[in-house]
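Notes follow once the structure below has been shown.
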Amino acid sequence: MSMPSLDSTTLCIEKLVDKFEYEFEQPLLKEMCSVGKIKSFSEGDIIMDTGDILTHMPLVLSGSVKVMTEDSDGGELLLYYLEFGDTCAMTLSCCTKPSKSNIKAISESNAEIIFLPVQKMEEWMIKYHSWRSYVLESYNYRFKEMLESIDNLAFNNMEDRIFKYLREKVIVNKSPKLNITHAAIAAELNSSRVVISRLMKKLERDNKIIQNRNSVDVLDFH
DNA sequence: CCATTAAGATACT
DNA sequence: AGTATCTTAATGG
């Protein structure tokens, strides 16, 4: 046994207990630390790409992660954000056999994530009540969220979609000032820069935002 | 200065 | 709502 591994395990337990002491029971936390790996990411890092084989499920410890789909032409669409305590529904559904990811996960800020082997999922489902609840609840929550996304896509016009997008981003970034360009928004909503510019101008006229070069202040985000 | 790039405008599909 | 194209404005060397 080398000292570094002992140290990192101890550190890991401290970190997890600190964040999840009410969520998971102690033996589970210990197991999570012994088989899980904590990794740090910075803004823009690709955590998972489409086509990657899912061997581990991620659990967000800090920061935020955006989850998106990619179509055949490389067009992207933002699905949702993962924050503290969240996990990816995609990996939950494939715990029985290793499969490929349909989604792409990019770090929205600096983030820490613990990766747990998917093989442990089933084992823990039986062994730990708190784990079972957690998995079922997350699955349920993501399902609801996906329905909302579909609803938004199908029934809301682009202007509403942009404003919802901005408000969501204000929440995950914890700041009403967003450092983002029109082109970047267009990419995330799978639209075009000109269209975003047009509608952003309208939002500005309606006093919902104030625009600057490379950033935007969201005024009406409640 | 100039090159690069974000954002606005206009016109057409 | 999206594409193409041009103009204008900021930014950083």
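Residue numbers start from 1 in every chain, and the chains themselves are labelled A, B, ... in the order their sequence lines are given, proteins ahead of strands.
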Donor on one side chain, acceptor on other, A:Glu112 and A:Ser62, under 3.5 Å:
yes

Does either side chain, that of A:Tyr165 or that of A:Glu188, offer a donor lying less than 3.5 Å from an acceptor on the other one?
yes

I'd like to know if A:Arg193 reaches the base of C:dG2 with its side chain such that a donor and an acceptor end up less than 3.5 angstrom apart.
no

For the base of B:dT5, is there a side-chain donor-acceptor partner from A:Arg213 under 3.5 Å away?
yes

Once you apply a heavy-atom cut-off of 4.0 Å, does A:Ser192 come out as touching a base, just sugar-phosphate, or nothing?
base

Between [N] atom [atom2] and [X] atom [atom1], what is the distance in whole Å?
X: A:Asn212; N: B:dA7; atom1: CG; atom2: P; answer: 10 Å
X: A:Leu199; N: B:dA7; atom1: CG; atom2: C1'; answer: 14 Å
X: A:Arg205; N: B:dG8; atom1: CZ; atom2: C1'; answer: 12 Å
X: A:Met158; N: C:dT3; atom1: CE; atom2: P; answer: 10 Å
X: A:Ile209; N: B:dA7; atom1: CD1; atom2: P; answer: 11 Å
X: A:Ile196; N: C:dT3; atom1: CD1; atom2: C1'; answer: 14 Å
X: A:Ile180; N: B:dT5; atom1: CD1; atom2: P; answer: 18 Å
X: A:Asn214; N: B:dT4; atom1: CG; atom2: P; answer: 17 Å

Check the angle between the aromatic planes of A:Tyr134 and A:Trp131 and answer parallel, tilted or perpendicular using the 30° and 60° thresholds.
tilted

Selection from C:dT5, B:dA6, C:dA1 that lies nearest to any side-chain heavy atom of A:Thr181
B:dA6

Heavy atoms from C-beta onward define the side chain here; which of C:dG2, B:dT10, B:dG8 lies closest to that of A:Val195?
C:dG2

Could you tell me whether A:Phe20 and A:Phe84 have their ring centroids closer than 6.0 angstrom?
yes

For [N] and [X] - does any side-chain N or O of the residue sit under 4.0 Å from the phosphate oxygens OP1/OP2?
X: A:Ser191; N: C:dG2; answer: yes
X: A:Gln211; N: B:dA6; answer: no
X: A:His182; N: B:dT5; answer: no

May I ask you to say whether A:Asp52 pairs ionically with A:Lys104, meaning some side-chain N is under 4.0 Å from a carboxylate O?
no

